[in-house]
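Okay, structure first, notes after.
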There are 2 protein chains.
Amino acid sequence: MSINTSKAASISEVAAHAGVSIATVSRVLNSTKPVNADTRERVETAVAALGYRTNALARSLTRGESKLLLLLVPDFANPFYSEIIKGVESVIRKAGYSLVLGGAPDTLSRDSQALDTLYNRLADGVISLAHYHDLQPLLREMPGLPWVSCSEFIPDSDVPHASIDHQQAAVDAVQYLINRGHERIALLSADENYLWARQRHLGYEVAMQRAGIAIDPQLVRIARGTDYVFGMEAAGALLAQKNAPTALFAVSDTLAIGAIKAFRRAGLRVPEDIAVVGFDNVPLSQVFEPALTTIAQPMHELGAAAAQLLLERLAGGTPTSRTLQHTLVVRESA
Amino acid sequence: MSINTSKAASISEVAAHAGVSIATVSRVLNSTKPVNADTRERVETAVAALGYRTNALARSLTRGESKLLLLLVPDFANPFYSEIIKGVESVIRKAGYSLVLGGAPDTLSRDSQALDTLYNRLADGVISLAHYHDLQPLLREMPGLPWVSCSEFIPDSDVPHASIDHQQAAVDAVQYLINRGHERIALLSADENYLWARQRHLGYEVAMQRAGIAIDPQLVRIARGTDYVFGMEAAGALLAQKNAPTALFAVSDTLAIGAIKAFRRAGLRVPEDIAVVGFDNVPLSQVFEPALTTIAQPMHELGAAAAQLLLERLAGGTPTSRTLQHTLVVRESA
DNA sequence: GTGAAAGCGCTAACAT
DNA sequence: ATGTTAGCGCTTTCAC
């Protein structure tokens with residue numbers, strides 16, 4: 001029960017109250033040097049009486065570190081990112097850090113308030129989930145900042161990242177389809193400014209090639225967005241083909257679900273008439289009917305690994321990127 | 001293109017480089033007082049040359065405000081919160097604030113690092129999405145902090161909040177069912193330590209009473225969690241009744257979806273055999289089949305309103321809580 | 001219009 | 001073991 005109703009007490013008030021110097025107060029607060037038992041007690045009493053709490057700003061200023069990490073999230077509403085955030089949190093918290101949120105893609109321009117507020121050494125480091133082409137310009141603006149990328153990564157840069165092997169994951173997904181006897185396998189990709197989309201697309205091509213299946217360009221579609229509506233749209237176009245596919249690999253679950261909805265609306269059964277495999281294993285994919293066969297990324301671990309990377313970097317190390325394992329989760333849709 | 005590869009330049013270096021005093025630099029940086037055109041230019045050149053950026057920590061310390069707001073989120077993985085966060089962001093950003101994330105419920109104990117790191121005047125204020133019983137102890141620890149609650153609220157406190165009228169929303173949902181001719185309406189509630197669960201439960205009772213329908217205690221279930229599995233579980237129990245319900249009101253969409261899965265697995269058709277209405281209008285509810293009839297909360301607006309409240313509070317005002325409008329979204333499940 | 005200097009609340013080196 | 005003091009990098013009177 002603190003006494004002060006008005007202004008926050010400062011360290012000097014505590015010192016006065018306890019009849020010691022501010023240095024001593026600082027020492028008991030940080031247990032940075034031995035302090036006599038009774039002195040310590042007097043200080044602690046004063047702290048309690050005044051409801052004193054260290055001013056984090058002042059501490060950070062003198063220490064030269066804020067214990068704040070900036071997290072760049074393209075879209076909070078994306079459950080995919082949420083799990084990563086949890087992973088990040090779990091490790092940085094143990095190290096005494098907190099997260100500052102940096103926002104939407106459009107706030108990522110140089111003169112944005114977000115950056116002005118944040119890059120000014122408020123944060124000790126950055127974990128970015130943003131897409132690399134949004135970042136590249138920024139990155140060269142702030143050579144000093146410890147930077148780490150999660151899930152995405154930045155080609156030709158020394159920014160360490162934690163991610164899965166998107167291409168290999170796509171190979172696995174398509175290979176699964178091939179193993180099940182499919183040959184006319186369609187690809188539903190997303191805006192290929194996204195590295196992951198490009199890489200998953202590549203994986204599709206590799207798998208097809210390896211199996212000696214020629215790729216029908218008609219069967220390759222780029223959705224206009226990642227929302228499931230765009231999945232429906234693109235799937236519709238696919239159905240309009242003379243020679244319809246028997247399977248579909250979508251580079252994201254939302255797209256896959258949109259496609260399934262479109263297929264069913266067209267009277268097709270999934271997976272009997274057309275098999276579908278997605279990517280991401282979003283929460284929805286498990287609940288949706290038919291439950292989605294998809295590639296699961298270890299999202300929590302991804303976040304944790306990225307955080308670990310940053311922590312090592314902060315400790316003066318030069319960690320190298322980590323590639324984590326994906327899994328093919330077989331459910332009902334394929 | 002900045003020159004410094006090593007350490008960040010400080011204001012005094014800029015001053016030296018421009019041949020002016022640090023006061024002048026500060027003036028052009030903040031345009032707080034008139035400065036001669038050529039002096040200004042010299043300073044600006046120096047700033048550019050040195051790649052100088054204001055140290056946010058130092059600025060905050062002198063100004064006595066950090067422009068940082070603490071956001072308490074019980075669970076990042078919950079899409080419901082994500083939308084709120086976006087709403088919050090959109091308004092605070094305009095006011096020059098950034099968000100610091102405060103974490104999971106279990107980190108909310110007094111001695112947690114999260115709080116130690118943050119409450120120490122690092123943040124200028126707090127927006128909480130956490131449940132009130134998690135907060136009450138904290139709240140009395142820090143009488144000084146401008147605090148605002150979103151979606152949840154704290155009974156018998158002077159903490160302003162932005163939320164919908166949960167009880168009335170539940171009344172609307174159940175009334176809708178009644179209007180469609182249902183009488184044996186079941187309630188699927190959640191842990192009633194949650195205020196919203198209690199209030200929605202209450203709404204159910206009010207609606208039933210008003211319609212003169214006696215409530216069958218057998219038809220009222222409390223799920224063991226909010227995950228959809230618990231919805232399935234509880235729905236199973238409901239089906240085991242001698243006198244099965246013809247409709248169900250679930251206090252959350254995830255619960256509703258779980259229930260629907262269970263119903264269908266038992267050979268029931270939704271909504272023909274049993275109608276279901278949910279609550280929250282999570283993204284999934286639109287995609288799920290059958291699409292969910294549910295109560296939509298204006299999540300973005302909720303976040304924005306809460307942020308607005310906090311801003312007013314920060315400006316010295318004493319804003320009063322705001323109740324926003326919910327909507328019944330009629331889709332396929334009822 | 002510009003500079004000098006006093007803090008903001010801390011931590012850490014240096015004394016004692 | 002404890003106190004004095006010099007910063008940390010800025011903003012803001014107060015002089016000139």
Side-chain angles (χ1 to χ4, degrees), chain A residues 4 7-44 46-47 50-68 96 116-117 119-124 144, chain B residues 4 7-44 46-47 50-68 96 116-117 119-124 144:
Chain A
N4 73 317
K7 264 207 66 200
S10 76
I11 197 173
S12 58
E13 303 180 49
V14 176
H17 192 107
V20 298
S21 75
I22 60 169
T24 300
V25 177
S26 175
R27 283 179 197 119
V28 347
L29 255 29
N30 303 295
S31 29
T32 178
K33 274 199 169 183
V35 171
N36 255 358
D38 53 328
T39 331
R40 137 164 293 117
E41 188 158 322
R42 287 219 311 287
V43 171
E44 281 165 350
V47 165
L50 268 45
Y52 170 79
R53 328 211 80 209
T54 305
N55 181 321
L57 249 21
R59 166 178 291 173
S60 297
L61 183 58
T62 45
R63 288 210 180 141
E65 60 168 11
S66 64
K67 289 289 182 180
L68 248 30
D116 271 3
T117 317
Y119 287 135
N120 298 252
R121 330 196 186 310
L122 212 191
D124 293 340
Chain B
N4 73 316
K7 263 207 66 199
S10 76
I11 197 172
S12 59
E13 302 181 47
V14 175
H17 192 106
V20 298
S21 74
I22 61 168
T24 299
V25 176
S26 174
R27 283 180 196 119
V28 346
L29 255 28
N30 302 295
S31 32
T32 177
K33 272 197 171 183
V35 172
N36 256 356
D38 54 327
T39 329
R40 138 164 293 117
E41 189 159 320
R42 288 218 312 288
V43 171
E44 280 165 351
V47 165
L50 268 45
Y52 170 77
R53 327 210 81 209
T54 304
N55 181 320
L57 248 23
R59 167 176 290 174
S60 297
L61 183 57
T62 46
R63 291 227 250 239
E65 59 169 11
S66 65
K67 290 287 180 182
L68 249 29
D116 272 3
T117 317
Y119 287 135
N120 299 244
R121 325 192 193 312
L122 212 192
D124 294 340

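Letters A, B, ... mirror the listed sequences (proteins, then strands); counts begin at 1.
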Which whole-number value in Å describes the distance from [X] [atom1] to [N] [atom2]?
| X | N | atom1 | atom2 | value |
| --- | --- | --- | --- | --- |
| Leu61(A) | dG9(D) | CG | C1' | 6 Å |
| Leu122(A) | dG9(D) | CG | C1' | 13 Å |
| Asp38(A) | dT2(D) | CG | C1' | 12 Å |

Review point. Does any pair with a residue in residues 11-35 of chain A pass salt bridge (Lys or Arg N to Asp or Glu O under 4.0 Å), and if so which ones, sequence neighbours excluded?
Key: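 Applying salt bridge (Lys or Arg N to Asp or Glu O under 4.0 Å) to every pair that reaches into residues 11-35 of chain A, excluding sequence neighbours, yields nothing.
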Point to revise | Earlier contact from the 5' end, DNA chain C, for Val20(B) and Leu57(A) | key: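 The 5'-side residue here is Val20(B).
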Within less than 4.0 Å of OP1 or OP2 of [N], is there a side-chain N or O belonging to [X]?
| X | N | answer |
| --- | --- | --- |
| Asn55(B) | dC8(D) | no |
| Ser60(B) | dC10(D) | no |
| Thr24(A) | dG3(D) | yes |

Practice item. Test Leu29(A) against Val47(A) for side chain to side chain contact (heavy atoms under 4.5 Å, CB included), laying out the working first. Key: CA-CA 9 Å; Leu29(A) 255 29; Val47(A) 165; 4.1 Å; yes
**Study point:** Close side-chain approach of Ile11(B) and Ser26(B), heavy atoms under 4.5 Å
**Key:**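 Heavy-atom side-chain distance check passes, below 4.5 Å.
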Revision key, fill the gap. Whether each nucleotide of nucleotides 11-16 of chain C has a protein heavy atom under 4.0 Å at its base (B), only at its sugar-phosphate (S) or at neither (-) is summarised, 5' to 3', as BBBB--
Practice item. Please step through side chain to side chain contact (heavy atoms under 4.5 Å, CB included) for the pair Leu68(A) and Leu122(B), ending with a clear verdict. Key: CA-CA 10 Å; Leu68(A) 248 30; Leu122(B) 212 192; 4.0 Å; yes
Exercise for review: Report which part of the nucleic acid Ser12(A) touches: base, sugar-phosphate, or nothing (heavy-atom distance under 4.0 Å, all strands).
Suggested key: nothing
Review point. Going through the distances and angles, do Arg42(B) and Thr24(B) end up as a side chain to side chain contact (heavy atoms under 4.5 Å, CB included)?
Key: CA-CA 11 Å; Arg42(B) 288 218 312 288; Thr24(B) 299; over 6 Å; no
Check your understanding: Which atoms form the tightest heavy-atom contact between Val28(B) and Arg40(B), and what is the distance?
Key ->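 So the two residues come closest at CA-NH2, 3.9 Å.
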